[in-house]
**Q** 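Sharing a structure with you now.
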Amino acid sequence: MTIQVTASAPGKINIFFKVGALNSDGYHDVLSIYQALDIRETVTVSDSSRWKVSVSGALSEEQIAAVPTGEDNLVVRAAKSIGQLAALTRIPELGFEITKNVPVAGGMGGGSADAAAAMMAVDDLWETHVDGEALIKAAAELGADIPFALLGGTAIGIGRGDKLDPIDDVQKLHWVLVPMDAGLSTPRVYAKLDEMRAAKGQDPSHVPTPQVPHELIDALVNGDAREVAKHLHNDLQDAAVSLMPELSVTMDAGLAAGALAAMVSGSGPTIAMLAESEEAAESIANRLAFEGYIAIPTFGPAKGTLLEKN
């Protein structure tokens, strides 16, 4: 009998993000292009006498401390969802060891990656063999970003971002990520966007439906980083910058260091900088590190959730 199982899942950035109308339920329809990055969260699941979560990783002590270690962590809910899908009469308690590499509260889906890895690891540990479609549906109910963490690659997300349409044959892109010490509340950023739209005389509940950016998709498939840079976009960026003005300074620093483009990823506050090559990404990261930033060179697209050999 398997004693423990380990799975890993990728962090992500939003390389295109359009926000549609504010709906009566308080949510917005969005159109996002997600890209999974080669920065992975790892979750090891094992039998336990009680639910327990331990967290370590290549992040600051403050970030590690911000991750919940009780049953409120998404990994526990992910495990329980597998038990429910498999119609287990009793859901065994488990221990989780999370190794974090994705910045916490940075808009990069680290918690969602943990949940995706937990779902796959628990399914393997319990040998429940949950159907793939059922797994994706359950993941979407847990959190809008979890289905993409399972899928990986590059994909268009619509609705709340959980209805995914993969983009095939996307060429490798090189990025530099700059996380911030402080987090940004996603609801607060959306609320600020609605305020800014209203201040311009636009009714936030009557915004045109976002359209798929075909020129960006062509550039992604062609592997033309300079053309990709022209079409990166984030409707939430101005709202995030208004709440955290230092984001603008960080983006300017990235451009000065040689990035083709710099943008807030999703609701922030992580800044994603596009580089022309792997060498350029290393150079940009080194220069930013010299200036005192935490700068992480990486690439995408990366694979989705995978079982790892223990």
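Note that these values count all heavy atoms, side chains included, but never hydrogens, waters or copies made by symmetry. This structure is a prediction, so every number in the text was calculated from the model and none was measured.
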**Q** So, for V241 and S248, which heavy atoms are closest and what is the spacing to 0.1 Å?
**A** CG1-CB, 4.0 Å

**Q** If the threshold is 4.0 Å, N to carboxylate O, is there a salt bridge linking K18 and D29?
**A** no

**Q** Any donor-acceptor pair under 3.5 Å linking the side chain of T305 with the backbone of A149?
**A**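 Flag set: sc T305 to bb A149 pair under 3.5 Å.
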
**Q** Please confirm whether the backbone N or O of V102 pairs with a side-chain atom of E41, one donor and one acceptor, at under 3.5 Å?
**A** yes

**Q** Under a 4.5 Å cut-off applied to non-hydrogen side-chain atoms, are N73 and V67 in contact?
**A** yes

**Q** Would V207 and L236 show up in the same hydrophobic cluster when neighbours are defined by side-chain heavy atoms closer than 4.5 Å?
**A**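 No, V207 does not connect to L236 through the hydrophobic network.
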
**Q** Between the side chain of Q171 and the main-chain N/O of D169, is any donor-acceptor distance below 3.5 Å?
**A**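 Checked: pair present.
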
**Q** What I want to check is whether the side chains of S267 and T186 have a donor and an acceptor closer together than 3.5 Å.
**A** yes

**Q** Any side-chain heavy atom of K230 sitting closer than 4.5 Å to one from R226?
**A**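 Result no, sub-4.5 Å side-chain heavy-atom pair not found.
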
**Q** Answer yes or no on whether K12 is positioned over the face of Y34, meaning its NZ or CZ is under 6.0 Å from the six-membered ring centre and within 45° of the axis.
**A** no

**Q** Side chains of D114 and L74: does their closest heavy-atom pair fall under 4.5 Å?
**A** no

**Q** Checking Y293 now: which residues fulfil ring pair (Phe, Tyr, Trp, His ring centres under 6.0 Å) with it, not counting sequence neighbours?
**A** none

**Q** Would you find a donor on one side and an acceptor on the other, under 3.5 Å apart, between the side chain of S48 and the backbone of W51?
**A** no

**Q** Under the salt bridge (charged side-chain N to carboxylate O under 4.0 Å, His left out) criterion, do R197 and D235 qualify, and how do the steps go?
**A** CA-CA 11 Å; R197 285 176 167 174; D235 274 355; 3.4 Å; yes

**Q** Contact between I33 and P213 at the side-chain level, heavy atoms closer than 4.5 Å - yes or no?
**A**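 In short, these two side chains touch, coming nearer than 4.5 Å.
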
**Q** Scan side-chain atoms only and decide if E308 and S8 contain a donor-acceptor pair under the 3.5 Å cut-off.
**A** yes

**Q** Taking 4.0 angstrom as the limit, do R287 and E291 come out as a salt bridge?
**A** yes

**Q** Taking all non-hydrogen atoms of both residues into account, name the closest pair between Y27 and D25 and its distance.
**A** N-OD1, 2.9 Å

**Q** Looking at every heavy atom in both G57 and T99, which two are closest together, and how far apart are they?
**A** CA-CG2, 4.2 Å

**Q** Can we call the ring centroids of H231 and F16 under 6.0 Å apart?
**A** no

**Q** Taking only Lys NZ, Arg NE, NH1 and NH2, and the carboxylate oxygens of Asp or Glu, determine whether E71 and R77 approach each other closer than 4.0 Å.
**A** no

**Q** Distance only, no hydrogens: is a donor on one side chain within 3.5 Å (strictly under) of an acceptor on the other, for T298 and D38?
**A**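 Not at all, the side chains of T298 and D38 share no donor-acceptor pair under 3.5 Å.
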
**Q** Hey, is R50 close enough to E93 for a salt bridge, meaning N to O under 4.0 Å?
**A** no

**Q** Should L193 and L243 be regarded as members of a common hydrophobic cluster, given that ILVMFWY residues are connected when their side-chain heavy atoms come within less than 4.5 Å of each other, either directly or indirectly?
**A** yes

